[in-house]
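These values consider heavy atoms only, across backbone and side chains, with no hydrogens, waters or symmetry-generated copies.
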Amino acid sequence: MNQVEETMSYVYKNPNAPIEDRVKDLVSRMTLQEKVGQMTQIELYVATLDDVRNLSIGSMVSGGGKEPLEKAMASDWAETIDRFQQAAVDSRLGIPLAYGIDAVHGNNRFYGATIFPHNIGLGATGDADLAQRIGAAVALEVRASGIHFNFAPCVAVCRDPRWGRCYESFSEDTNIVRKMTSIITGLQGQPPVGHSKGYPFVAGRYNVIACAKHFVGDGGTEKGINEGNTISSYDELESIHMAPYLDCLYKGVSTVMASYSSWNGCKLHAHHFLLTEILKGKLGFKGFLISDWKALDRLSEPRGSNYRRCVYTAINAGIDMVMVPYRYKQFIEDLISLVESGEIQMTRIDDAVERILRVKFVAGLFEYPFSDRSLLDTIGCKLHRELAREAVRKSLVLLKNGKNPGKPFLPLEKNAERVLIAGTHANNLGYQCGGWTRYWQGSSGRITTGTTILDAFREVMGEKTEVIYEKYPSPNTLSGQNFSFAIVGVGEEPYAESAGDNSELVIPLNGSELISTIADRIPTLVILISGRPLVIEPWLLEKMDALVAAWLPGTEGRGITDVVFGDYEFEGRLPMTWFRTTEELPINKGDNSCDPLFPLGFGLTYKKENLQSK
């Protein structure tokens with residue numbers, strides 16, 4: 001049988017056949033082993049070519065916790081992924097892999113990729129078009145490395161900055177989060193007019209499979225504890241935390257990831273009502289629902305015990321694909337056993353596999369399973385870096401400008417005689433980018449290519465300006481020279497997930513003391529690099545001449561100098577209520593007792609307007 005005859009007799013191989021016909025034809029040809037294989041996502045570091053081929057593995061992942069290969073280029077990754085993809089295509093039915101990664105603010109595992117501001121910074125821009133353009137740029141850089149599936153965006157509504165994933169949220173305000181779901185249209189492409197709500201959509205080879213996460217209520221846990229418990233009525237859950245998913249479904253989001261967290265004491269990965277009755281039923285989601293990393297292990301104590309029961313619970317609750325990611329042979333064995341014993345119905349397995357295949361067909365993986373090396377030049381390209389720079393300048397929130405009314409401190413003078421640049425974050429690209437940059441928890445120093453705050457100031461200051469940099473200025477430096485002004489960059493060290501949970505929220509690394517010491521002697525602009533509002537004592541705020549919340553801006557520090565020297569206006573607004581003390585938390589707009597340091601939506605401009613009033 002030649003290829004044309006084979007395509008005619010195998011409906012699923014015919015690219016012109018309706019997708020639902022292709023799905024049904026392929027499912028009808030699959031063994032139980034192959035179906036269960038498609039429901040399995042495994043880690044690159046434990047995968048073998050033989051297992052991918054023989055077990056019909058549906059997906060692979062490069063987890064955030066594994067250190068990246070230091071010298072590996074995107075082309076090396078593409079070659080590796082293509083090798084596993086070839087194994088999948090060589091399987092009995094030739095079902096391609098969907099390879100996944102957490103590209104949450106750029107293709108952030110890769111050295112040299114463009115790193116955009118984290119979501120909290122994008123939320124401060126309030127610019128849906130910008131978010132869409134960033135999504136499209138990220139999609140290109142991800143596809144260039146051979147990867148098809150991006151675990152983004154996080155559409156959590158963060159109600160408490162003590163949460164270690166606060167910076168992954170666009171805002172505490174549901175409406176802002178809903179607006180910024182436009183990033184999905186950038187990642188996946190724009191669905192055509194009349195596209196059916198809830199049906200997955202991917203425009204083509206320059207787009208990726210997106211993933212709305214983490215369903216649902218992850219940003220509303222008690223005391224902001226990561227993977228904690230969200231206590232609320234259903235109406236509250238629906239209006240605050242679930243609402244952004246409606247926008248995601250209208251935009252054709254292909255996958256949804258369940259949350260580690262619980263709702264009123266029941267873990268989401270075990271929640272049949274929310275996963276199946278609401279998401280798949282009431283909301284009409286037709287893509288596939290994926291677990292979080294090792295989430296099934298968390299369904300029992302101690303973690304990982306009674307694994308067969310965990311598999312039973314999660315699959316029956318509605319999980320379609322499991323990010324196992326290591327003990328995949330046990331997962332496959334347990335799931336097959338559960339089906340053969342009747343504890344999990346074959347209809348549940350077929351539903352899961354149909355959803356997975358639907359997304360693969362929609363994404364064109366059967367026609368174009370391999371990487372497109374022509375995209376390699378997009379990684380860290382000038383166009384994308386300029387886009388990231390635009391995002392940085394639009395995300396900056398001016399919280400204070402001058403000690404006296406009518407006497408603003410900013411914009412700064414480029415031709416000042418002598419300038420001091422200081423602080424832990426003034427010349428640290430890793431700190432500037434935050435968590436999920438090269439490494440899961442992020443890191444310190446020149447971890448990738450980019451422009452630090454110090455680099456940016458040195459690039460734009462006048463030729464005759466003397467720029468002096470000391471992370472911790474000596475007493476001699478502070479007392480012995482006549483500085484025009486000081487730039488102090490302070491903030492949080494990188495973190496991710498539970499490692500970022502923080503009940504104190506003080507400026508780390510003695511940041512307050514450093515600001516105070518310098519501001520006592522030199523007119524000072526403080527640039528705060530953080531994934532959330534931090535405690536700013538009144539006495540400290542009084543000492544500063546100007547304060548800018550720069551969030552976690554990424555690799556393009558020139559976006560900061562673009563604005564503080566007055567070449568561009570401040571446009572950012574606070575996406576979170578800026579509390580006075582941690583004792584007030586949680587504090588959100590609309591709370592009766594809400595008396596914040598700066599309210600949600602606050603942001604000054606050079607025109608002396610508070611943007612909140614617009």
The criterion is side-chain hydrogen bond (donor to acceptor under 3.5 Å, both in side chains); which residues satisfy it with N316, sequence neighbours excluded?
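In terms of side-chain hydrogen bond (donor to acceptor under 3.5 Å, both in side chains), with neighbours along the sequence ignored, N316 is linked to no residue.
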
For S503, side-chain hydrogen bond (donor to acceptor under 3.5 Å, both in side chains) partners two or more places apart
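S503 satisfies side-chain hydrogen bond (donor to acceptor under 3.5 Å, both in side chains) with no other residue.
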
Pair [X]-[Y], side-chain donor/acceptor within less than 3.5 Å:
X    : Y    : answer
T181 : D247 : no
R385 : T449 : yes
Q441 : W436 : no
W163 : N226 : yes
D50  : T48  : no
S145 : N107 : yes
T114 : E141 : yes
Q41  : Y99  : no
R373 : S371 : yes
S254 : Q188 : yes

Residues [X], [Y]: salt bridge by 4.0 Å N-O rule:
X    : Y    : value
R22  : D25  : no
D292 : R298 : no
D501 : K223 : no
R308 : E343 : yes
D320 : K280 : yes
D102 : K213 : yes

Which residues share a salt bridge (Lys or Arg N to Asp or Glu O under 4.0 Å) with R143, sequence neighbours left out
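Not a single residue meets the salt bridge (Lys or Arg N to Asp or Glu O under 4.0 Å) criterion with R143.
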
Passes side chain to side chain donor-acceptor pair (under 3.5 Å), H105 versus T437? Steps please.
CA-CA 8 Å; H105 65 142; T437 312; 3.0 Å; yes

For S62 and E43, run side chain to side chain donor-acceptor pair (under 3.5 Å): C-alpha distance rounded to whole Å, both residues' side-chain angles, the deciding distance at 0.1 Å, then the answer.
CA-CA 6 Å; S62 286; E43 229 286 342; 5.2 Å; no

D350 and its salt bridge (Lys or Arg N to Asp or Glu O under 4.0 Å) partner, picked from K24, R355, K35
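Going through the options one by one, the only one that passes is K35.
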
Out of V36, L32, V322, which one pairs with L335 under the side-chain contact (heavy atoms from CB on, under 4.5 Å) rule?
V36

Evaluate whether atom NZ of K267 has more than 12 neighbouring non-hydrogen atoms of other residues, nucleotides or ligands under 6.0 angstrom away.
yes

Validation row, ring centre Y245 to ring centre F215 under 6.0 Å
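That pair passes the under 6.0 Å test.
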
Worked verdict on Q432 versus N428 for side chain to side chain donor-acceptor pair (under 3.5 Å):
CA-CA 6 Å; Q432 198 170 292; N428 194 315; over 6 Å; no

Quick check on ring-ring contact (aromatic ring centres under 6.0 Å, His included): which of Y326, F151, Y260 does W293 satisfy it with?
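Exactly one option meets the ring-ring contact (aromatic ring centres under 6.0 Å, His included) with W293, and it is Y326.
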
In terms of ring plane angle, is the pair Y167 and H118 parallel, tilted or perpendicular, where the classes change at 30° and 60°?
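Rings of Y167 and H118: tilted, as their planes differ by 30° to 60°.
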
How far apart are the C-alpha atoms of E34 and S56, what are their side-chain angles, what is the distance that settles it, and do they pass the side chain to side chain donor-acceptor pair (under 3.5 Å) test?
CA-CA 5 Å; E34 288 166 330; S56 191; 5.3 Å; no

Output for pair (L376 CG, L140 CG), nearest 0.5 Å, gives 11.5 Å

Taking side chain as C-beta onward, heavy atoms only, is K286 less than 4.5 Å from R358?
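With C-beta onward as the side chain, the pair touches.
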
